[in-house]
Amino acid sequence: MRAITISKPGGPEVLTWSEVPDPKPESGEVVIEVAATAVNRADLMQRQGKYAPPPGASPYPGLEASGTIVEVGRGVTDWSVGDEVTALLAGGGYAERVAVPAVQLLPVPRGVTLVEAAALPEVAATVWSNVFSTARFQPGEVLLVHGGAGGIGTFALQLGSAYGARVFCTASGPKLEKCLTYGAERAIDYRSEDFVKVVKAETGDHGADIVLDIMGAKYLARNVDVLAPGGRLVVIGLQGGRKADLDLGQLLAKRGSVHATALRSRPVVEKARIIAEVREHVWPLIEAGRVRPVIDRVLAMQDAGEAHRVVAAGEHVGKVLLVR
Ligand SMILES: NC(=O)c1ccc[n+]([C@@H]2O[C@H](COP(=O)([O-])OP(=O)(O)OC[C@H]3O[C@@H](n4cnc5c(N)ncnc54)[C@H](OP(=O)(O)O)[C@@H]3O)[C@@H](O)[C@H]2O)c1
């Protein structure tokens, strides 16, 4: 088969569509003939040599893919050859075929095409596991989403508002308007406004019950500042650095908590639990049309370098897909 390989750490030009060995399904795995995959920021870091795949994972980039099952390994009873699926991967989505534990598969939701379905696993699993499981979201709570126009952001805005959150987000430029269409009550321009002031002003000084953060160090102090009493800050990205001072006194006075999680390195058994929850609690909202995949553009797999350039430059809203 062919896959996008990384010839050496570097820029988008090191991504090469190359001949590689076919994957074989281990016990409990299936092999998917890939229809589409999606670009995640982790892929850009992997390309730069800054984010190695976890042990045992495919060396090729790609944390999610949709396609058709072409081979079923020992012990797999719930899925058959010919089933159309979408999958959460530890790597290997930028390829013609990929092996994946069957517990990380989801059916293609009704009303979504096979290609569009590649936009869903990573965002659905990340938003569900962090906002709903880790931060234990309750209807009516205030949810602040940083980077509301991104892949994660556009999904978090939709899922939060579908579950009855008051949703606020940060974004920039023309993307602010888009965020309102995905469920944000107010989109805050992080270049010219102070999100702490805006969220407090709009919530009668209450603040945010949950902050879904992708900036890390740069926003830590302000994220703690914006937390409501009993608020939960969940850090899932470090786009603004990894080290910063934390005012424990302020956190303690608010009875607040800070969490940080990564999905890719979780054991298969945890991913299986998250996928089962996503299928039960998120998939029905997608099938009802209340939460939709947000796809900025679809490029050919061979144009993975251009897709990485688009994502690095922040030219997109939602997800960038690669198709065979
Ligand atoms: N921990 C996990 O398990 C996990 C899983 C998936 C993703 N992630 C992480 O989550 C983050 C978002 O992923 P994604 O796929 O949504 O990426 P993305 O589509 O590239 O979105 C990134 C967003 O960051 C926003 N941004 C840039 N500077 C900002 C700032 N100063 N304040 C607020 N927002 C800012 C951009 O907004 P503008 O374009 O408006 O400037 C953009 O919408 C990434 O860091 C990714 O690595 C973590």
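Hydrogens, waters and symmetry mates are skipped; everything else that's a heavy atom, side chains included, is used. Atoms within each ligand, like the ligands themselves, are counted from 1 in listed order.
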Could you tell me the residue and atom name of the protein heavy atom closest to atom 41 (O) of ligand 1, and the distance to it rounded to 0.1 Å?
Tyr190 OH, 2.4 Å
Do Lys24 and Glu29 meet the salt-bridge criterion of a basic N to acidic O distance under 4.0 Å?
no
Where does Lys319 meet ligand 1, judged by heavy-atom distances below 4.0 Å: at the side chain, the backbone, both, or neither?
neither
Mark up the atoms of ligand 1 that fall under 4.0 Å of a heavy atom belonging to Ile214, in ascending order.
10 (O), 11 (C), 12 (C), 23 (C), 24 (O), 25 (C)
Checking a contact table here: which protein heavy atom is nearest atom 38 (P) of ligand 1, and how many Å away?
Ser172 OG, 3.4 Å
Sub-4.0 Å atoms of ligand 1 with respect to non-hydrogen atoms of His316:
18 (P), 19 (O), 20 (O)
Pair Lys197 + Glu193, salt bridge at N-O below 4.0 Å
no
Under 4.0 Å from one or more heavy atoms of Thr261, ligand 1 contributes atoms 1 (N), 2 (C)
Per-atom contact, atom 36 (C) of ligand 1, protein heavy atoms, under 4.0 angstrom
no
Non-hydrogen side-chain atoms of Gln104 and Leu89 separated by less than 4.5 Å
no
Side chains of Ser257 and His259: is there a donor and an acceptor less than 3.5 Å apart?
yes
Just go through Val235, Ile152, Leu212, Ile236 and tell me whose heavy atom is the nearest to atom 9 (C) of ligand 1.
Ile236
Per-residue contact class, Met45 against ligand 1 - non-hydrogen pairs under 4.0 Å
neither
Is it true that Thr261 and Asn130 share a donor-acceptor pair across their side chains at a distance under 3.5 Å?
yes
As an exercise, identify every atom of ligand 1 less than 4.0 angstrom from a heavy atom of Ala262.
1 (N), 2 (C), 3 (O)
Geometry only, no angles: is Glu122 polar-contacting ligand 1 at N/O separations under 3.5 Å?
no
Does any N or O of ligand 1 fall below 3.5 Å from an N or O anywhere on Met215, backbone included?
no
With Arg264 as the cation and Tyr51 as the aromatic partner, state whether NZ or CZ is under 6.0 Å from the six-membered ring centre and within 45° of the axis.
yes
closest protein heavy atom to atom 20 (O) of ligand 1 is Arg41 NE, 2.6 Å
Among all protein heavy atoms, pick the one closest to atom 39 (O) of ligand 1 and tell me residue, atom and distance.
Lys175 NZ, 2.4 Å
Nearest neighbour in protein (non-hydrogen) for atom 21 (O) of ligand 1:
Gly150 CA, 3.4 Å
Protein heavy atom at shortest distance from atom 3 (O) of ligand 1
Leu263 N, 2.8 Å
Tell me: protein heavy atom nearest atom 32 (N) of ligand 1, and distance?
Tyr219 OH, 2.6 Å
What I want to find out is whether Glu141 reaches Arg232 closely enough, with some N-O distance under 4.0 Å, to be called a salt bridge.
yes
Nearest-neighbour protein heavy atom for atom 44 (C) of ligand 1, which is reported as residue plus atom name and distance
Gln239 OE1, 3.1 Å
Going by an N to O cut-off under 4.0 Å, is there a salt bridge joining Arg166 and Asp209?
no
Backbone N or O of Gln239 within a donor-acceptor pair of the Lys218 side chain at under 3.5 Å?
no
Are any of the side-chain nitrogens in Glu33 or Arg324 under 4.0 Å away from the carboxylate oxygens of its partner?
yes
Does a side chain donor of either Asn40 or Glu64 reach within less than 3.5 Å of an acceptor in the other side chain?
yes
